[in-house]
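All values derive from a computational prediction rather than experimental measurement. Throughout, residue positions are numbered sequentially from 1 according to the sequence presented. First listed ligand is number 1; within each ligand, the first listed atom is number 1.
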Amino acid sequence: PVPNRDTFTINTDFDPKWEFPRSRLILEQVIGEGEFGKVLKAQAIDIPGTKGMSTVAVKTIKNDAGKTEKDDLLSEYNLLKDVNHPNVVKLLGACTTHEGPFYLIIEYAKYGSLRSYLRKSRILDNNANGLVSNTAGNFQQNESLISMAFPLYPISPRDILKFAWQISKGMAYLAELKLVHRDLAARNILVTEDKVCKISDFGLTRDVYEDNAYFKKTKGRVPVKWMAPESLADHIYTSRSDVWSFGILLWELVTLGAVPYPGIIVQDLFKLLKEGYRMDKPNNCSVELYGIMNNCWAEDQYRRPSFKSLTTSLEEMLEKGN
Ligand code: ACK
């Protein structure tokens with residue numbers, strides 16, 4: 001048999017500060033699966049910060065994934081080592097030894113992604129109780145059947161503002177560190193047991209310096225409906241293009257996880273945006289919040305608000321009790 005070439009290479013990913021022994025990780029079920037990656041729920045024994053068993057999430061890549069996917073996960077690992085903020089997902093450790101696949105261990109978020117949280121919250125919709133009205137979903141199933149099958153994911157207009165404010169705070173922190181996320185969307189935000197939003201999925205994140213712009217070289221799968229015009233046209237990514245994506249995320253929040261630009265195919269989007277087309281105000285969205293979204297979608301990136309000023313605006317709205 002041909003020995004695995006990894007057997008003879010030095011493990012440059014090994015970092016004693018973060019390395020966690022595989023023997024102290026008990027993998028449970030798959031909780032998320034993408035094209036090349038997967039996320040598993042696991043129990044960790046004596047992971048730094050928690051004595052005894054604790055529930056964690058383990059990110060890894062599938063066997064048939066290519067070098068890019070492995071590199072993305074590794075860059076996520078290296079990036080997470082240097083960040084520490086209540087609204088950014090916390091790195092707990094990694095298994096990098098060549099006896100097994102690369103595992104990235106991050107904090108477990110009970111409610112999963114914000115997108116799935118929002119979509120599940122629609123089920124409560126018709127029960128009113130000050131809940132946000134459903135603008136996008138069509139639930140034909142019997143309501144009582146649904147509430148038996150799902151746990152409750154209540155969400156109030158105030159929760160929506162709070163979520164937006166938390167994400168903006170996390171993004172302001174990343175922007176301060178000159179980190180550009182490049183894939184900010186509700187699917188990449190996690191919701192913890194105490195209903196705190198954490199920015200996640202840093203695979204595409206890049207450190208930017210000098211001109212503060214990151215030029216993407218290769219053309220992979222791109223989240224077109226979340227992308228700023230300058231990213232679509234010239235592959236330019238900055239904190240200002242993250243702000244554009246944040247505007248789309250606000251729209252996702254208000255519509256409880258609808259797909260942006262309903263009825264518009266991605267091939268037509270760039271031309272429409274250049275002509276000045278923007279999404280309408282969702283029915284249940286305040287004029288003030290829609291104003292904020294629209295500012296995020298300024299054609300001129302320099303006219304978009306910063307995450308700092310977005311945080312202040314959202315904080316003021318929360319204080320006013322909107
Ligand atoms: O909405 P979900 O159930 O929550 O589906 C996605 C899926 O994996 C792909 O990203 C879930 N997921 C990712 N990271 C975590 C985590 N740290 N804790 C809990 N669920 C996670 C996410």
Would you check if there is a donor-acceptor pair between the side chains of Glu107 and Thr192 at a distance under 3.5 Å? no
Glu107, any N or O under 3.5 Å of ligand 1 N or O: yes
Any carboxylate oxygen within less than 4.0 angstrom of a Lys/Arg side-chain nitrogen, looking at Glu299 and Lys274? yes
Identity and distance of the protein heavy atom lying nearest atom 3 (O) of ligand 1: Ile31 O, 4.1 Å
What is the closest protein heavy atom to atom 15 (C) of ligand 1, and at what distance does it sit? Leu190 CD2, 3.6 Å
Which bit of Ser116 gets closer than 4.0 Å to ligand 1, counting heavy atoms only: side chain, backbone, both or neither? side chain
Between Lys271 and Glu275, is the closest basic N to carboxylate O distance under 4.0 Å? yes
Ligand 1 to Gly112, heavy atom cutoff 4.0 Å, flagged ligand atoms 4 (O)
dist His98:NE2 -> Asn11:CG (nearest 0.5 Å) comes out at 4.0 Å
Can you tell me the protein heavy atom closest to atom 22 (C) of ligand 1 and the distance? Ser113 N, 3.9 Å
Just to verify, which of Val83, Asn87, Thr311 counts as forming a side chain to side chain contact (heavy atoms under 4.5 Å, CB included) with Tyr173? Val83
Closest to atom 10 (O) of ligand 1 among protein heavy atoms sits Val39 CG2, 4.2 Å
Do me a favour and list the nearest non-hydrogen protein atom to atom 7 (C) of ligand 1 with residue, atom name and distance? Gly32 CA, 3.4 Å
Under a 4.0 Å N-O cut-off, is there an ion pair linking Lys195 with Asp159? no
among protein heavy atoms, the one nearest atom 19 (C) of ligand 1 is Ala109 O, 3.0 Å
In ligand 1, which numbered atoms sit nearer than 4.0 Å to a non-hydrogen atom of Ile106? 17 (N)
Check whether the side chains of Gln43 and Thr55 place a donor and an acceptor atom closer than 3.5 Å, and report yes or no. yes
Taking 4.0 angstrom as the limit and counting only heavy atoms of Ala57, give me the atoms of ligand 1 inside it, by number and element. 16 (C), 17 (N), 18 (N)
Check ligand 1 against Tyr108 and write out every atom of the ligand that is under 4.0 Å from a heavy-atom position of the residue. 18 (N), 19 (C)
Lys59 and Asp201 ion-paired at < 4.0 Å: yes
